[in-house]
Amino acid sequence: MSASRSKKVKVWVRTRPTTKFAHENIDLKADGKTINLHIKREERHGVVNNQILDWAFKMDGILHNSDQGEVFEKAARPLVSRCLSGYNGTMLCYGQTGAGKTFTMTGATENYKHRGLIPRSLQQLYKDIEEQTDYSINVRISYLEIYNEQMYDLLSPQPFLEKSGQMAIGEDENGVYVKGLTQHLAQTEEEALNLLFEGETNRVIAQHSLNAASSRSHCIFMLSVESRSRVMSSAVYTTSKLNFVDLAGSERLGKTLSEGKVKEEAMYINKSLSFLEQCVIALADRRRDHVPFRQSKLTHVLKDSIGGSCDTVLIANIWGEKEQLDETVSTLRFATRMMCVSSEPAVNEQVDPTLMVKKLEKDIVDLKRELAMHDTLNNRSMVTYDPLSEQQKFDIKQQVRKYISAELDEVDIINIRQIAGVYEAFREICQTMEADMEAKLREKFTLIDKTDPEQIREAQARGVNINDDGTLVGEPEGSGFGVGLAPSSAKAPDVAKDSTKGAKITKKKGKDRQSPAPTKTPPAGSGRAVDGRTPSPQTERKDGQPADKGDLETISPVTSVSPEKTAPTFQRPSTPPLRTQAFEDFKQEKGVK
Ligand SMILES: Nc1ncnc2c1ncn2[C@@H]1O[C@H](COP(=O)(O)OP(=O)(O)OP(=O)(O)O)[C@@H](O)[C@H]1O
């Protein structure tokens with residue numbers, strides 16, 4: 001077989017034995033692959049009316065006068081073997097009514113020797129499973145029938161006709177499936193054969209003038225195989241599907257003298273086979289990116305079973321008599337198209353999540369051991385990779401504190417977890433400092449939300465000189481934080497600043513502005529402090545009168561400040577000192593830094 005043929009769907013032609021084989025019309029070549037047809041014009045009955053009278057077809061092989069065993073060995077055995085390795089496989093029988101499709105697929109029930117591909121495949125499958133003692137392999141069986149575009153479960157515990165309409169074709173990451181179709185676990189070959197025969201008895205059989213037991217439906221016998229290793233604890237396992245498709249016979253309505261119900265059946269069959277052919281043509285054409293699988297139930301169910309990653313084999317059943325020549329040509333043309341469909345089988349590997357977790361846990365333990373060994377060899381035996389204990393976290397925090405206060409030059413870093421611990425400690429310390437800072441501010445000041453009119457009104461009611469927009473009275477727009485009323489003691493001594501440079505010393509308006517006299521005591525009730533606290537001396541006007549709001553130098557402090565803290569360490573001059581003097585004073589007050 002040429003290299004290119006190895007990546008295409010395999011096609012075998014099987015001839016139905018007959019004493020009336022049309023040797024003068026059908027020439028089977030010695031290579032076992034080529035089949036030539038010579039049809040005289042008068043033999044065509046005007047049905048396929050074109051000028052081509054000679055046909056030459058080359059297939060992957062011709063099974064002429066072959067027994068069931070040979071057909072299985074050549075066409076089906078490779079699929080069965082590969083199925084256990086995780087490859088999907090599909091075996092299709094296509095051909096006219098009476099050409100031997102059901103005989104090929106199921107065989108004659110009355111004679112064991114004539115058993116078909118399905119029982120032989122089951123026999124082979126279970127034999128292989130028995131030999132693969134290292135694997136736990138489960139086989140599940142379904143049997144689907146498509147009759148007049150309706151799906152039936154041939155293995156349903158209920159009468160199969162009741163299942164009609166309750167089934168639907170779905171698709172997921174594992175491919176196409178039929179919702180509502182029962183799956184039956186078959187642990188032995190005998191159990192599997194029983195299921196096959198149970199399904200066979202349920203098949204819709206219509207009396208037909210060409211074939212007394214003609215099957216008027218498409219039947220798909222489905223095997224789902226799941227294989228897990230018993231010896232390796234691998235999370236990966238394989239799943240595969242093996243489909244045996246016995247298509248309904250293609251025939252001409254006029255030829256079969258079909259009437260009524262049988263005629264309707266024939267119309268459905270021909271339609272679905274025609275859709276199947278369209279899909280095959282599209283699959284064979286690499287330029288086509290759309291394949292009309294959804295046109296019929298048959299093509300939709302077979303969407304992932306023809307070519308692609310699926311091992312696909314077609315058996316084209318022909319009936320080599322002179323009267324059947326047109327159907328033979330039609331079947332061989334379909335077979336030739338199928339040969340052009342690419343098929344590159346791929347293993348279906350699945351991952352078991354539970355086993356995967358176990359495997360990863362084991363990997364972690366192994367890696368930790370290896371790491372410990374490396375650390376020992378590198379004299380790093382103190383290093384651990386376990387989560388930090390509470391004591392270790394505490395120690396790290398202490399180190400970070402010392403680092404912040406410059407008692408430590410660096411923090412010990414041994415491993416990644418410790419780095420994370422150091423960052424964590426920094427975050428905690430920062431958050432604590434922030435909270436402390438706010439708490440201290442709240443202790444001293446009344447904090448209000450400048451955007452909350454309610455809070456502003458409340459503060460105003462308590463005598464805070466604050467505008468309706470939240471700015472302090474006299475505060476230039478946009479400056480200030482809307483908080484707080486700084487105690488005068490908290491302010492830097494304004495006198496140190498050079499008033500000639502326009503530095504802000506007071507906000508007091510008026511020409512007789514002077515440096516404040518810090519020793520003056522306000523008269524009782526001369527100003528209102530927030531929260532009713534002691535008003536500041538600065539709320540008093542120079543002339544001894546209570547200050548009005550516009551006269552406020554600054555807002556009153558919230559808390560009284562102890563004299564020790566506020567007592568100036570030097571005498572403030574009443575007029576601005578010289579610049580050099582001021583600098584000396586500043587140094588004296590703030591220190592040489
Ligand atoms: N290779 C064969 N050897 C012996 N008998 C055969 C062979 N092929 C077909 N037959 C016989 O021919 C008859 C028709 O075969 P079969 O029912 O398999 O055809 P079919 O293609 O499935 O027809 P239909 O599409 O109508 O179901 C049966 O009696 C079957 O036993």
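Remember, predicted model here, so these are calculated numbers, not experimental data. As the structure lists them, so they are numbered: ligands from 1, and atoms in each ligand from 1.
Residue contact check: Pro17 has heavy atoms under 4.0 Å from atoms 1 (N), 2 (C), 3 (N), 7 (C) of ligand 1. Residue contact check: Arg14 has heavy atoms under 4.0 Å from atoms 1 (N) of ligand 1. Listed by number with element, the atoms of ligand 1 under 4.0 Å from a non-hydrogen atom of Gln96 are 21 (O).
The closest approach between any non-hydrogen atom of Gly95 and ligand 1 is not below 4.0 Å.
By the 6.0 Å contact criterion, CZ on Phe197 is enclosed, its count of non-hydrogen atoms from other residues, nucleotides or ligands being greater than 12.
Residue Thr104 has no N or O atom closer than 3.5 Å to an N or O atom of ligand 1. In terms of polar-atom proximity, Asp246 is not counted as a contact of ligand 1, lacking any N or O under 3.5 Å from an N or O of the ligand. On a distance-only criterion, Phe103 and ligand 1 share at least one N/O pair closer than 3.5 Å. Checked against a 3.5 angstrom limit, the closest N/O atoms of Leu247 and ligand 1 fall outside it.
The existence of a salt bridge linking Lys393 and Glu390 is confirmed by a sub-4.0 Å separation between a basic side-chain nitrogen and an acidic carboxylate oxygen. In this structure, Arg14 does not pair ionically with Glu70, as no charged nitrogen and carboxylate oxygen lie closer than 4.0 Å.
By the ring-ring contact (aromatic ring centres under 6.0 Å, His included) test, Tyr135 pairs with no residue at all, sequence neighbours left out.
The residue from Gly100, Ser217, Gly249 that puts a heavy atom closest to atom 8 (N) of ligand 1 is Gly100. In this structure, of Arg16, His218, His114, the residue bringing a heavy atom nearest to atom 12 (O) of ligand 1 is Arg16.
Residues in residues 58-78 take part in these ring-ring contact (aromatic ring centres under 6.0 Å, His included) pairs, two or more places apart or across chains: Phe21-His64.
For the residue pair Thr104 and Asn317, a side-chain donor N or O sits within less than 3.5 Å of a side-chain acceptor on the partner.
Of the possible donor and acceptor atoms, none in the side chain of Lys20 sits under 3.5 Å from a partner among the backbone N and O of Glu323.
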